[in-house]
Amino acid sequence: MTFDRRNMIALVLGAGTLIAAASWVHHGIEGAEYGEIELTGQVTQAQFEPHDERLLLLADGTAWTVDIGPLIEARSAGLTPEMLAPGNELTVLGQRDGDLGTPELRASAVIFGSTRHDLGPRSL
């Protein structure tokens with residue numbers, strides 16, 4: 001078989017499709033087998049960066065890193081920096097990191113007081 005222009009295009013498109021599928025599987029499914037978990041604890045640290053918010057949440061003696069996502073999305077969900085401040089108690093729902101040895105959670109909702117703030121669908 002000789003590699004003419006059609007064969008080369010088919011090879012490149014096929015390789016691109018495989019790479020895209022592998023990337024989706026890695027980012028779209030990793031950690032999903034653990035299901036959504038719920039943590040209730042006290043915020044010990046809040047980090048507000050331009051494109052993401054992270055909290056350290058002490059729950060059942062374990063310090064969890066909680067990815068809240070972009071500040072603009074958190075604010076759209078009704079969350080404020082005051083709600084996420086150290087010392088406040090929160091309940092967080094979300095997907096656990098795929099590495100069970102790492103206490104990290106990507107939040108899909110935050111409950112402050114009696115109000116649930118849904119952060120919307122987020123890829124893992």
Side-chain angles (χ1 to χ4, degrees):
M1 177 167 109
T2 61
F3 275 98
D4 62 8
R5 176 172 250 162
R6 277 185 293 176
N7 288 337
M8 186 58 75
I9 291 172
L11 179 66
V12 170
L13 289 175
T17 301
L18 286 174
I19 290 169
S23 177
W24 179 83
V25 167
H26 172 73
H27 293 287
I29 297 178
E30 181 180 15
E33 66 270 19
Y34 304 112
E36 187 168 78
I37 64 171
E38 181 177 314
L39 295 173
T40 298
Q42 185 177 37
V43 177
T44 59
Q45 183 179 353
Q47 173 185 332
F48 302 109
E49 297 290 328
H51 296 288
D52 76 313
E53 293 184 23
R54 294 189 185 275
L55 305 175
L56 284 181
L57 187 73
L58 187 60
D60 295 325
T62 301
W64 286 79
T65 299
V66 178
D67 178 7
I68 300 294
L71 181 60
I72 192 163
E73 290 180 18
R75 287 188 181 244
S76 294
L79 290 169
T80 65
E82 294 78 22
M83 292 176 180
L84 305 173
N88 288 340
E89 184 172 294
L90 301 175
T91 297
V92 181
L93 293 91
Q95 295 288 331
R96 182 180 183 140
D97 184 279
D99 179 3
L100 292 178
T102 306
E104 293 183 4
L105 182 80
R106 184 162 296 199
S108 59
V110 174
I111 300 170
F112 179 75
S114 61
T115 305
R116 179 180 168 134
H117 303 271
D118 288 309
L119 298 170
R122 299 177 57 212
S123 66
L124 297 172

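Side chains included, hydrogens not; waters and symmetry mates left out as well; all remaining heavy atoms used.
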* Asked: T44 side chain to L56 main-chain N or O, any donor-acceptor pair under 3.5 Å?
  -> yes
* Q42 side-chain N/O to L58 backbone N/O, donor-acceptor pair under 3.5 Å -> no
Hey, could you give me the [atom1]/[atom2] distance between [X] and [Y], rounded to the nearest 0.5 Å?
| X | Y | atom1 | atom2 | value |
| --- | --- | --- | --- | --- |
| E36 | Q95 | CD | CD | 6.5 Å |
| D118 | E73 | CG | CD | 12.5 Å |
| R75 | H117 | CZ | NE2 | 13.0 Å |
| E104 | T65 | CD | OG1 | 5.0 Å |

* Structure fact -> Result for side chain to side chain contact (heavy atoms under 4.5 Å, CB included) between I111 and one of R116, E89, E38 points to R116
* Worked verdict on L84 versus L55 for side-chain contact (heavy atoms from CB on, under 4.5 Å) -> CA-CA 8 Å; L84 305 173; L55 305 175; 4.0 Å; yes
* Asked: With T91, which residues qualify under side-chain hydrogen bond (donor to acceptor under 3.5 Å, both in side chains), at least two apart?
  -> T40
* Asked: Are T80 and E82 close enough that a side-chain donor and a side-chain acceptor fall under 3.5 Å?
  -> yes
* To do: Go through L119 and S108 one step at a time and tell me if the side-chain contact (heavy atoms from CB on, under 4.5 Å) criterion holds.
  => CA-CA 5 Å; L119 298 170; S108 59; 5.6 Å; no
* Are side-chain heavy atoms of L39 and L105 found at a separation under 4.5 Å? -> yes
* Validation row: V110, I68 side chains within 4.5 angstrom (heavy atoms) -> yes
* To do: Under the side chain to side chain contact (heavy atoms under 4.5 Å, CB included) rule, collect the residues that match up with T62, sequence neighbours excluded.
  => W64, P103
* Structure fact -> On a heavy-atom basis, the closest approach of V92 and A107 is CG1-CB, 3.6 Å
* Asked: Transitively linked via ILVMFWY side-chain contacts under 4.5 Å: L93 with L79?
  -> no
* To do: Under the side-chain contact (heavy atoms from CB on, under 4.5 Å) rule, what do V43 and L90 come out as? Steps first, then yes or no, please.
  => CA-CA 7 Å; V43 177; L90 301 175; 3.4 Å; yes
